[in-house]
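Here the structure comes first, spelled out in structure tokens, and everything after it is commentary.
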Amino acid sequence: MPELPEVETVRRILHKQIENKIIVDLISPYQAIIKNDFLEFKKNILNKTIIAVDRAGKYLIFVLNQGFILIHLRMEGKFYLKPFEEGLDKHEHVIFYLHDQSLRYHDVRKFGTIEYFETKEAVKEYLRTRLGPEPSELEPNYLFEKIKQKKQPIKTTLLDQSVIAGLGNIYVDEVLFLSKIHPLAQGVDLTEDDAKRIVINAKKVIDEAIELGGTTIRSYTASLGVTGRFQTKLKIHLKKGEPCVVCGTIIEKIKVGGRGTYVCQNCQN
DNA sequence: CCCGTGCCCTGGCGGC
DNA sequence: TGCCGCCAGGGCACGG
């Protein structure tokens, strides 16, 4: 699933590919992806120029010369650039025609969302309640306060986008492993030093993953033929039955808040 | 207000 | 080989 590093990778590629292109037409064989009324959406983006592709947490933002398109890829959303006239793939649900080529939103599970916002203020207000600081902006004191006040496992808190924006199931497992904290540990039992290590490791993991173009695993490959390489750096996620790289204990898979979670019961204790 | 649960959706996989 | 049922999960609505 795309988390911050994957979305950032997609953003960088898309920005280069579609900056300054004009949306000349739009079709959508599966309109539920678009959260606005379809005809309204189409009217609002037609003949607009894509000035930039930005990112906030796991959201992509197409900045138009007037207006904004907010996109969430959820589990399996991807973009592909294809020739204008190429036939539609079964899972291509929204197609932006850009004069000389087409930008296609592809999503097997149809979980993704695309929504138009008229103003920067409207986008800001939408994101304000949903997104906390990104790992790069994260401060140990802030995180410690948040962790303490939550009566839930630490993993659940770290997955909460309003606490930290950008971490998902893969990177939270990695961060907790590096921080030597059990995913089921309750916030109230964690110390300031625990929060400090989480902050340091979140920055480290996210930075390194961005550098490597994200993580390519079964459920998610980046768009436009790009293959991330961070999966070779994973130390715990998907490693059930393998020995821990630190202590050799066999890694277990458990459930935390309904999410598949990988843990070294020795190191993370 | 806070937390837990179910829902959205489809392909892949295990079991028989 | 084919079919069935279950699992994966980010974010949101809803209920206790």
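Just so you know, these numbers use all the heavy atoms, side chains as well, and skip hydrogens, waters and symmetry mates. Quick caveat: nothing in here was measured; it's all calculated off a predicted structure. Throughout, protein chains are lettered first and strands after them, A, B, ... in sequence-line order, and every chain is numbered starting at 1.
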Problem - Phosphate OP1/OP2 of dG4(B) contacted by Lys151(A) side-chain N/O (<4.0 Å) - result: no
Exercise for the section: Say whether Glu118(A) and Gln66(A), considering side chains only, have a donor N or O and an acceptor N or O under 3.5 Å apart. Expected result: yes
Exercise for the section: Give the rounded distance in Å between these two atoms: CG of Leu70(A) and C1' of dG10(C). Expected result: 14 Å
Exercise for the section: Using a heavy-atom cut-off of under 4.0 Å over every strand shown, decide if Gly260(A) touches base, sugar-phosphate, or nothing. Expected result: sugar-phosphate
Practice task
Write down the distance between NZ (Lys150(A)) and C1' (dC2(B)), rounded to a whole number of angstrom.
Solution key: 8 Å
Problem - Side-chain N,O (Arg74(A)) to OP1/OP2 (dC8(B)) below 4.0 Å - result: no
Exercise for the section: Round to a whole Å and report the spacing from CE of Met75(A) to P of dC7(C). Expected result: 16 Å
Exercise for the section: Determine: side-chain N/O of His91(A) to OP1/OP2 of dG11(B), distance under 4.0 Å, yes or no. Expected result: yes
Handout entry: Ser28(A) vs Ile34(A) side-chain heavy atoms within contact, under 4.5 Å
Key = yes
Completion exercise
Among the nucleotides dT10(B), dG11(C), dC3(B), whichever has the atom closest to the side chain of Lys58(A) is dG11(C)
Handout entry: Lys21(A) vs Asp100(A) side-chain heavy atoms within contact, under 4.5 Å
Key = yes
Exercise for the section: Look at the side-chain N and O atoms of Gln161(A) and state whether any lies under 4.0 Å from the OP1 or OP2 oxygen of dG11(C). Expected result: yes
Completion exercise
Numerically ordered, the residues 110-124 of chain A set in heavy-atom contact under 4.0 Å with DNA chain B is Lys110(A), Phe111(A)
Practice task
Look at the side chain of Lys42(A) and the backbone N and O of Leu26(A), then say whether any donor-acceptor pair between them is shorter than 3.5 Å.
Solution key: yes
Fill in the blank from the handout: Terminal axes of the helix from dC2(B)-dG16(C) to dC16(B)-dG2(C) (5 end pairs apiece), angle rounded to 10 degrees, sit apart by 50°
Exercise for the section: Specify the separation, in whole Å, of atom CD1 of Ile254(A) and atom P of dA8(C). Expected result: 13 Å
Practice task
Take the angle between the ring planes of Phe96(A) and Phe41(A) and call it parallel below 30°, perpendicular above 60°, tilted in between.
Solution key: perpendicular
Problem - Side-chain heavy atoms of Val199(A) within contact of Tyr142(A), under 4.5 Å - result: no
Handout entry: Rounded distance in Å - CD1 (Ile164(A)) to P (dG11(C))
Key = 13 Å
Practice task
Just say parallel, tilted or perpendicular for the rings of His106(A) and Tyr80(A), cut-offs at 30° and 60°.
Solution key: perpendicular
Practice task
Report yes if a side-chain nitrogen or oxygen of Arg259(A) is closer than 4.0 Å to either non-bridging phosphate oxygen (OP1 or OP2) of dG10(C); otherwise report no.
Solution key: yes
Problem - Student check: side-chain heavy atoms of Glu8(A) and Ile206(A) closer than 4.5 Å - result: no
Problem - Phosphate OP1/OP2 of dG10(C) contacted by His72(A) side-chain N/O (<4.0 Å) - result: no
Fill in the blank from the handout: Quick note, Lys255(A) side chain, CB onward, closest among dC9(B), dC12(C), dA8(C) is dA8(C)
Problem - Between Phe79(A) and Tyr105(A), ring centroids under 6.0 Å - result: yes
Exercise for the section: Take His182(A) and Ile254(A) through the test side-chain contact (heavy atoms from CB on, under 4.5 Å) and record every step on the way to the result. Expected result: CA-CA 11 Å; His182(A) 200 284; Ile254(A) 62 174; 4.0 Å; yes
Exercise for the section: Give the C-alpha distance, both sets of side-chain angles, the deciding distance and a yes or no for side-chain hydrogen bond (donor to acceptor under 3.5 Å, both in side chains) between Thr261(A) and Arg259(A). Expected result: CA-CA 6 Å; Thr261(A) 300; Arg259(A) 310 277 182 239; over 6 Å; no
Handout entry: Separation of dG10(C) P from Leu60(A) CG (nearest whole Å)
Key = 16 Å
Exercise for the section: Would you mind classifying the nucleic acid contact of Lys155(A) as base, sugar-phosphate or nothing, using non-hydrogen atoms under 4.0 angstrom? Expected result: nothing
Practice task
Go through dC9(B), dG10(C), dC3(B) for me and flag the one nearest to the Arg109(A) side chain.
Solution key: dC9(B)
Practice task
Please state how far atom CD in Gln31(A) lies from atom P in dC9(B), giving the value in whole angstrom units.
Solution key: 15 Å
Completion exercise
Against the side chain of Tyr126(A), the closest entry in dC12(C), dG11(B), dG11(C) is dC12(C)
Handout entry: Separation of atom CG in Leu167(A) from atom P in dG10(C), rounded to whole Å
Key = 11 Å
Problem - Short side-chain N/O contact from Tyr30(A) to OP1 or OP2 of dC8(B), under 4.0 Å - result: no
